[in-house]
Amino acid sequence: IDLQDLFGLLLHKAWIIILATVLTAAVGFAVSFFLITPQYESTTSIYISTSTGSENSMTYSDAQLASQLTKDYEELILGRTVLEKVISMYDLPESYESLKKRVTVENTTNTRIISITVKDQNPQNAQIIANSVRDAAAVHIKDVTDVEAVNVADVANLPEKPCEPSVPKWTLLAALIGMILSAAIIVMQYLLDDTIKSSDDIEKYLE
């Protein structure tokens, strides 16, 4: 492989690479802007208190144990009891598995704060469902565990902009794919082409 010839070939075919990059970028923009339904995210959070006395009397081990138990709380939030209650409450036209895919539960490291995020095509629905999941989860956690209280840390926000798709990201990704594929095709054609095209090739390859 003559790297100098290969580099020269890529420069000679640069117009093809640029054209492919522009075309795929346009396709990525069109798909993300016109074909993919925007999704909105709304997030609410709860604070789980496990102390039996005042907060000042809580020991370090109590706080550590409470932080570890948040994994259990996350599973309770995503359980059938909570999500099916929300589905029944609003008569949502979806199954438990479908709603579970749209709900994300995260625990901030070394805290007892749990964030609940709901994704939906409608920003108002995302906000309503997030608040409903939070309220249903608070009741269920207190019924199942020995926590003292589950308090609202933040109410669900009304999203103003969609979280996905990211039009710039899709456009850039499509452009990169077009550039790489077009360059790869040109290189493959160069490597597979063993024809003699000039007297210089005869001298070069046959000596």
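Every heavy atom of this structure was used, including side-chain atoms; hydrogens, water molecules and symmetry mates were not.
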Nearest non-hydrogen partners of I113 and Y47, listed with the distance: CG1-CD1, 3.8 Å

Approximate separation, where rounding is to 0.5 Å, of I129 CD1 and Q124 CD: 11.5 Å

Which residues share a ring-ring contact (aromatic ring centres under 6.0 Å, His included) with Y40, sequence neighbours left out: none

N125 CG to L92 CG distance, which is reported to the nearest 0.5 Å: 8.0 Å

Set of salt bridge (charged side-chain N to carboxylate O under 4.0 Å, His left out) partners for E94, sequence neighbours left out: R102

Other cluster members, M188 - Ile/Leu/Val/Met/Phe/Trp/Tyr, side-chain contacts below 4.5 Å: L192

Side chains of L99 and I87 in contact at under 4.5 Å (non-hydrogen atoms): yes

Donor-acceptor pairs under 3.5 angstrom involving side-chain atoms of residues 11-31: please list them, not counting sequence neighbours.
from : atom 1 : to   : atom 2 : distance (Å)
T21  : OG1    : I17  : O      : 2.7
T24  : OG1    : A20  : O      : 2.8
T24  : OG1    : T21  : O      : 3.1
T24  : OG1    : A174 : O      : 3.0

Contacts of D143 that satisfy side-chain contact (heavy atoms from CB on, under 4.5 Å) - sequence neighbours left out: V139

Remaining members of the apolar cluster that contains I177, side-chain heavy atoms under 4.5 Å: L173, L181

Residue pair L78, V103: steps toward the side chain to side chain contact (heavy atoms under 4.5 Å, CB included) verdict: CA-CA 8 Å; L78 293 175; V103 180; 3.7 Å; yes

Contacts of D135 that satisfy salt bridge (charged side-chain N to carboxylate O under 4.0 Å, His left out) - sequence neighbours left out: none

Same cluster (ILVMFWY, side-chain, under 4.5 Å), V144 and Y73: yes

Side chain to side chain contact (heavy atoms under 4.5 Å, CB included) evaluation trace for T117 with V105: CA-CA 6 Å; T117 302; V105 179; over 6 Å; no

Gap between atom CD1 of I186 and atom CG of L6 - 0.5 Å precision: 10.0 Å

pair L10-V187: side-chain heavy atoms closer than 4.5 Å: yes

Side-chain heavy-atom pair P38, E164 within 4.5 angstrom cut-off: no

Pairing of E97 and R80 as salt bridge, 4.0 angstrom limit: yes

Transitive ILVMFWY side-chain link W170 to L35, under 4.5 Å: yes

Listed partners of S132 passing side-chain contact (heavy atoms from CB on, under 4.5 Å), at least two apart: V86, M89, Y90, I128

ILVMFWY cluster, L3 and F7 together (side-chain gap under 4.5 Å): no

Donor-acceptor pair between T195 and D193 side chains, under 3.5 angstrom: yes

Trace of the side chain to side chain contact (heavy atoms under 4.5 Å, CB included) decision for E41 with V118: CA-CA 6 Å; E41 282 186 346; V118 174; over 6 Å; no

ILVMFWY network linking Y190 to M179, side-chain heavy atoms under 4.5 angstrom: yes

For E75, salt bridge (charged side-chain N to carboxylate O under 4.0 Å, His left out) partners two or more places apart: none

Qualifying residues under side-chain contact (heavy atoms from CB on, under 4.5 Å), relative to K169, sequence neighbours excluded: S166

Residue pair N107 / E74, side-chain heavy-atom distance below 4.5 Å: yes

Which atom pairs, donor and acceptor, lie under 3.5 Å between side-chain atoms of residues 151-162 and protein residues at least two apart or in another chain?
from : atom 1 : to  : atom 2 : distance (Å)
D154 : OD2    : S45 : OG     : 3.4
N157 : OD1    : T43 : N      : 2.8

Minimum-distance pair of heavy atoms, taken over all atoms of R134 and N131: NH1-OD1, 2.6 Å

Residues forming a side-chain contact (heavy atoms from CB on, under 4.5 Å) with I180, sequence neighbours excluded: none

Test item: S88 side-chain N/O and E84 main-chain N/O as donor-acceptor pair under 3.5 Å: no

Side chain to side chain contact (heavy atoms under 4.5 Å, CB included) evaluation trace for L76 with V82: CA-CA 8 Å; L76 291 174; V82 172; 5.8 Å; no

